[in-house]
Amino acid sequence: MAATLLPTLSPPVSRAAAFLLLRAPPKPLRTHHHLFRSLLSSASSPSTPATLRSLAPMASAATPDRRDLLMLGIETSCDDTAAAVVRGDGEILSQVVSSQADLLVKYGGVAPKMAEEAHSLAIDQVVQKALDDAHVSESDLSAVAVTVGPGLSLCLRVGVHKARTIAKAFGLPIVGVHHMEAHALVSRLVNKGLDFPFLALLISGGHNLLILAHNLGDYVQLGTTVDDAIGEAYDKSARWLGLDIRKGGGPALEELALEGDPNAIKFRVPMRQHKDCNFSYAGLKTQVRLAIESRNLRCTDGIPISSATAEDRQLRADIAASFQRVAVLHLEERCQRAVEWALKMKPSINNFVVSGGVASNQYVRTRLNYIAEKNGLQLVSPPPSLCTDNGVMIAWTGIEHFVAGRFDDPPAADEPDDMQYDLRPRWPLGEEYSEGRSVSRSMKTARIHPSLTSMIQGSLHK
Ligand code: KG4
Ligand code: ZN
């Protein structure tokens with residue numbers, strides 16, 4: 001079967017209006033489709049060129065039309081199977097997450113084949129529960145949003161397949177979502193006054209991004225990691241320290257760090273000689289491992305912290321606290337520089353968004369709030385349940401793009417089940433800011449997708 005595109009993020013906005021105006025609905029149009037038909041057709045009439053900017057006023061969360069929009073969001077890019085139903089005005093009707101904690105404990109990380117299997121086993125139930133909890137059925141939906149990248153192809157495929165199956169059966173448009181954009185944009189659901197432009201730090205298990213968000217779908221990457229993300233460093237350190245990681249390595253380490261002395265061990269702060277906004281956590285990870293080994297702690301022999309002596313526990317807590325202090329100090333230093341760069345480019349910036357799984361860490365939030373305040377910015381950080389992977393952020397990002405007219409037609413009725421989807425496992429959010437370019441990463445740019453921002457800009461200029 002030939003590869004087909006999932007062109008969600010490439011069609012010009014006028015295509016969206018054409019879709020809603022011309023398509024013969026598979027069954028009587030639902031009320032909200034009528035509302036969106038008129039909304040989009042007026043937005044893209046010849047006298048008002050349909051740009052993101054011209055659509056922005058209509059995207060205001062308070063308009064009654066938006067409330068009638070009902071989006072199902074599906075997320076399977078990594079190890080959580082998640083779904084949610086969200087109204088166009090941001091009301092969360094349901095949120096379901098099934099995580100693969102047991103697999104993480106067993107394999108010490110995400111094993112793609114196992115993760116795919118776990119997603120396949122969970123996806124139907126997770127989506128059904130999201131619909132049931134929201135007291136809606138598929139036929140009430142306006143569209144389906146699903147993560148198409150970045151992430152593990154095998155895992156992404158499970159979510160995309162489910163989304164397309166529903167969309168095909170019920171004649172629903174599909175919005176393909178960028179996972180990291182969703183981490184950033186969910187802050188606009190939480191904080192309705194959060195307008196573009198803003199600065200965002202996105203910190204998770206696989207990503208460490210500093211971005212300047214100019215507008216919806218228009219991002220400049222100020223910094224990224226040259227090796228590991230901070231979440232990976234938390235997860236591995238927690239494992240090596242023998243912590244109970246069933247609820248995640250990050251939360252376990254954060255908890256133990258409360259008992260430790262953050263100045264006990266002098267770990268080196270990464271990349272101080274590089275005057276940019278990039279990150280590196282591989283070296284800090286190694287420093288933690290060496291600290292554990294040199295102190296003869298029995299955790300690497302499989303002795304869990306629950307069986308450790310009081311003295312051993314204290315040492316492990318000191319390592320945890322010292323690691324956390326330096327890991328977050330590295331964030332602080334890069335964020336301070338990024339704030340300076342961002343304000344130079346966009347003096348109107350008022351907000352500093354911090355999101356992604358690691359942003360649920362209280363110490364991280366407190367330290368970054370200090371950076372924000374020092375620079376006269378407001379820190380916006382979603383509640384922990386919306387920082388870690390979830391379906392709400394996918395549904396909400398789907399809503400933002402749907403309103404801007406970017407979505408795919410419903411799949412053809414004869415679309416085969418073994419279709420090869422256009423998945424984007426390595427998909428940057430935006431182009432790199434020139435001062436932030438990292439030479440050491442040039443080796444890793446092979447087989448990378450064009451960035452979300454360049455795809456959208458390319459479609460607008462067609
Ligand atoms: O965003 P997320 O749920 O998934 C990815 O996109 O990767 O982030 C997961 C990461 C994991 O590394 C997890 O350990 C970390 O976020 N994390 C934390 C905390 N809660 C989750 N790290 C530090 N402290 C926490 N409280
Ligand atoms: Zn994530």
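In what follows, every heavy atom counts, from backbone to side chain, and hydrogens, waters and symmetry copies are set aside. Read the numbers this way: they start at 1 and go in the same order the structure lists the ligands and their atoms.
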**Q** Taking atom types as modelled, is there a side-chain donor on E431 or S451 under 3.5 Å from an acceptor on the other?
**A** yes

**Q** Please state which protein non-hydrogen atom is closest to atom 22 (N) of ligand 1 and give its distance, to 0.1 Å?
**A**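 Of every protein heavy atom, G250 CA, 3.3 Å lies nearest to atom 22 (N) of ligand 1.
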
**Q** Is H179 close to ligand 1, meaning an N/O of one under 3.5 Å from an N/O of the other?
**A** yes

**Q** Just to be sure I read this right, does ligand 1 sit under 4.0 Å from the backbone of D235, its side chain, both, or neither, counting only heavy atoms?
**A** side chain

**Q** Taking N or O atoms only and a 3.5 Å limit, does D80 qualify as a polar contact for ligand 1?
**A** no

**Q** Would you say the ring centroid of F323 lies under 6.0 angstrom from that of Y234?
**A**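 Yes - the distance between ring centres of F323 and Y234 falls below the 6.0 Å cut-off.
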
**Q** Measure the distances from the heavy atoms of H183 to every atom of ligand 1 and state whether one is below 4.0 angstrom.
**A** yes

**Q** For ligand 1, which part of H207 has a heavy atom less than 4.0 Å away: the side chain, the backbone, both, or neither?
**A**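 Looking at H207 and ligand 1, no heavy atom falls under 4.0 Å.
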
**Q** Which ligand 1 atoms does G206 reach within 4.0 Å, using its non-hydrogen atoms?
**A** 7 (O)

**Q** Quick one: do the H179 and D389 side chains pair a donor with an acceptor below 3.5 Å?
**A**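 Per modelled atom types, H179 and D389 side chains form a pair under 3.5 Å.
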
**Q** Determine, using ring centers only, whether F279 and H330 are less than 6.0 Å apart.
**A** yes

**Q** Compute the shortest N/O to N/O distance between G357 and ligand 1 and return yes if it is under 3.5 Å, no if not.
**A**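 N/O-N/O distance under 3.5 Å: yes.
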
**Q** Which residue owns the protein heavy atom closest to atom 26 (N) of ligand 1, what's the atom, and how far is it?
**A**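 Going by distance alone, atom 26 (N) of ligand 1 is nearest to E254 OE1, 2.8 Å.
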
**Q** What protein heavy atom sits nearest atom 15 (C) of ligand 1, and how far away is it?
**A**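 Minimum-distance protein heavy atom for atom 15 (C) of ligand 1 reads V358 CG2, 3.8 Å.
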
**Q** In terms of side-chain geometry, is the basic nitrogen of D312 or R316 positioned less than 4.0 Å from the acidic oxygen of its partner?
**A** yes

**Q** Is the count of non-hydrogen atoms from other residues, nucleotides or ligands lying under 6.0 Å from E259 atom CD greater than 12?
**A**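 For E259, atom CD is crowded (more than 12 foreign heavy atoms under 6.0 Å).
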
**Q** Regarding D318 and Q314, is there a side-chain donor-to-acceptor distance under 3.5 Å anywhere?
**A** yes

**Q** Which option wins on minimum heavy-atom distance to atom 10 (C) of ligand 1: G205, A238, C78?
**A** G205

**Q** Are there over 12 heavy-atom neighbours, none belonging to E117, within less than 6.0 Å of that residue's CD?
**A**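 No, the 6.0 Å shell around CD holds no more than 12 heavy atoms from other groups.
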
**Q** Side chains of E75 and S77 only: does a donor on one sit below 3.5 Å from an acceptor on the other?
**A** yes

**Q** Would you say NZ of K113 has more than 12 non-hydrogen atoms from neighbouring residues, nucleotides or ligands within 6.0 angstrom?
**A**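 For K113, atom NZ is not crowded (no more than 12 foreign heavy atoms under 6.0 Å).
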
**Q** With the Zn ion (ligand 2) at the center, what angle do OD1 from D389 and NE2 from H183 span, rounded to 10 degrees?
**A**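 Taking the Zn ion (ligand 2) as the apex, I get 100° for this pair.
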
**Q** Tell me which protein heavy atom sits closest to atom 20 (N) of ligand 1, plus the residue, atom name and distance to 0.1 Å.
**A**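 Of the protein heavy atoms, S360 OG, 3.2 Å lies nearest.
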
**Q** Going by atom types alone, do E340 and N375 pair a side-chain donor with an acceptor below 3.5 Å?
**A** no

**Q** Please determine, by modelled atom types, if H119 and T76 share a side-chain donor-acceptor pair under 3.5 angstrom.
**A**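 H119 vs T76: no donor-acceptor pair found between side chains.
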
**Q** Considering heavy atoms of the protein only, find what lies nearest to atom 24 (N) of ligand 1 and give residue, atom and distance to 0.1 Å.
**A**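 Scanning the protein heavy atoms, the shortest distance from atom 24 (N) of ligand 1 goes to N361 ND2, 3.0 Å.
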
**Q** Regarding C78, does it place an N, O or S atom less than 2.8 Å from the Zn ion (ligand 2)?
**A** no

**Q** Flag G231 as yes when one of its N or O atoms lies below 3.5 Å from any N or O atom of ligand 1, and as no otherwise.
**A** yes

**Q** Considering only the protein, which heavy-atom contact is closest to atom 3 (O) of ligand 1, and what is its distance?
**A** D389 N, 2.9 Å

**Q** Less than 4.0 Å is my threshold; does some heavy atom of P251 fall inside it relative to ligand 1?
**A** yes

**Q** Taking heavy atoms and a distance under 4.0 Å, where does Q362 meet ligand 1: side chain, backbone, both or neither?
**A**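 Looking at Q362 and ligand 1, no heavy atom falls under 4.0 Å.
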
